[in-house]
Number of protein chains: 2
Amino acid sequence: MTLGSEDAVARPRLGRAPSTTHAEISHVALTLFMERGFDQTTIDDIAREAGIGRRTLFRYFPSKNDLPWGDFGPLLDRMREQLSGMPDDIPMMEQLRIAVVEFNRVPEEEWPYHRRRMELLLHVPTLLAHSTLRYASWRRVVAEHVARRLELPEQDLIPQTMAWTCLGVCLAAYEKWLDDGAAPLLDLLDEAFRLIDERIDTKVVQAHRGARG
Amino acid sequence: MTLGSEDAVARPRLGRAPSTTHAEISHVALTLFMERGFDQTTIDDIAREAGIGRRTLFRYFPSKNDLPWGDFGPLLDRMREQLSGMPDDIPMMEQLRIAVVEFNRVPEEEWPYHRRRMELLLHVPTLLAHSTLRYASWRRVVAEHVARRLELPEQDLIPQTMAWTCLGVCLAAYEKWLDDGAAPLLDLLDEAFRLIDERIDTKVVQAHRGARG
DNA sequence: GACACTAATGACACTCAGTGCCGTTGGGAA
DNA sequence: TTCCCAACGGCACTGAGTGTCATTAGTGTC
């Protein structure tokens, strides 16, 4: 859930060079969004501030809602690879915990932007809604892994529900991170997954017991 | 997750009478969306077909994305009441199952529309995204109940995660319902909740055992 | 039946997101 | 230098959503 690296990978030396990067535009947008609010910032404001044409901005990002996200695809690929390369002798929940924590690791220079990013994504209704589409591909990665691991079809109830649960855990950890501001994100995520791993099989039992006793 | 009753409750007999209802507009919209596709249907198309002005349509629904939903608020209130009035001697997961099944009960005359509605909400990206905002209030109701029941703060990890899990279960059941088309929705929901209730405490253990053994 | 009150309606104008089109720009290769 | 090609940016257009305001149509009163 971070912005990812610059786009400068290895251009096949042909045609005019790009005049900017996803990261640069995203940073400008994040700053303006935090200053004026998401709805009060127009695409023209951002384009002007970034020193590019409005039309160009829409070539980098398909919509205003995508601006805070930066470049999401590569991160997802990395997580998929990491999960599929995970040794089988690790318990599933632990695999998921490790992969999720790793997925959320952000280069230090991105930290201030990452906080703004998540602040916006979780609290601006429009962005909250749009995020669903990103989360859907993320959940897919989790569901795939769980399905493979438990030898079930991906569409089965267990992998699907597990993916939703993982997403919920992550978002709860993010909320906490934004709230108290002191604890490092990765610690919170790690802790949350351990807690769920430990309690997920007892919380329902507790409820039963509480009801029966 | 249905459209709910007509708006004709008990108008305080003053001023001009409304010329239509949420349900009526929603039905017109659902029909057009299914015929031409969501993106290919404009607000003007719907207003014209419903025989009202474009401006009037926006007084009934705040956005195009809200058209399939109808009137959601009252349903949510009903579920909240039902959960809070639930006897304590019923296990929590069973309480949730009953409330969720009841929440999804739809009057028979709504059935054909309900199918279109869910088809759209789950498969049109824009609507899928927008639904998040509705789901958020739904999750809140679940989280509130779980928190009260387990005597935890609502913001705690367990209630939050439980709410996400319930949402995931519901959506998985809905997907299945749309897919095979034969089984009644309420049966699928009931079945899914029972399955999760039964397996949620073993699935992780299975994974552990599978890994260790 | 005329009048007053009030709420719903619809027409108009406006902002802004997003798209298609097309001529321009500038870096690398021949 | 010239050619090639991708990135750029301007322009015009569609469609969602909003603010404003005059009009319409019920209800109660005289």
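Note on naming: letters A, B, ... go to the chains in the order of the sequence lines (proteins, then strands), and numbering restarts at 1 for each one. Only this structure's heavy atoms are used, side chains among them; waters, hydrogens and symmetry mates stay out.
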Quick one: side chain to side chain donor-acceptor pair (under 3.5 Å) pairs with a partner in residues 124-134 of chain A, sequence neighbours left out? A:D66-A:H130, A:D66-A:R134, A:T132-B:T132
Measure the distance from [atom1] on [X] to [atom2] on [N] and round it to the nearest whole Å.
X	N	atom1	atom2	answer
B:D45	D:dT14	CG	C1'	13 Å
A:D39	D:dA16	CG	C1'	14 Å
A:K64	D:dG15	NZ	C1'	16 Å
B:Q40	D:dA16	CD	C1'	15 Å
A:I46	C:dC16	CD1	P	12 Å
B:H130	D:dA16	NE2	P	14 Å
A:D66	C:dA17	CG	P	14 Å
B:I43	D:dT14	CD1	P	17 Å

Per-nucleotide protein contact string for nucleotides 8-13 of chain D, where B marks a base within reach and S marks sugar-phosphate only (heavy atoms under 4.0 Å, - for neither): BBBB--
Any sub-3.5 Å donor-acceptor pair from A:H27's side-chain atoms to A:Y113's backbone N or O? no
For the atom pair CH2 (A:W69) and CG (A:L120), what is the distance rounded to the nearest 0.5 Å? 11.5 Å
Sorted by chain and number, sequence neighbours left out, ring pair (Phe, Tyr, Trp, His ring centres under 6.0 Å) with B:F193 holds for none
With sugar-phosphate meaning primed atoms plus P, OP1 and OP2, does B:T126 contact a base, only sugar-phosphate, or nothing at under 4.0 Å between heavy atoms?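 No contact.
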Is there a salt bridge (Lys or Arg N to Asp or Glu O under 4.0 Å) between B:R97 and B:D197 once you walk through the steps? CA-CA 9 Å; B:R97 176 175 54 77; B:D197 189 7; 6.0 Å; no
According to the interplanar angle, ranging from 0 to 90°, do the rings of B:W177 and B:H114 count as parallel (below 30°), tilted (30 to 60°) or perpendicular (above 60°)?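 Correct class here is tilted.
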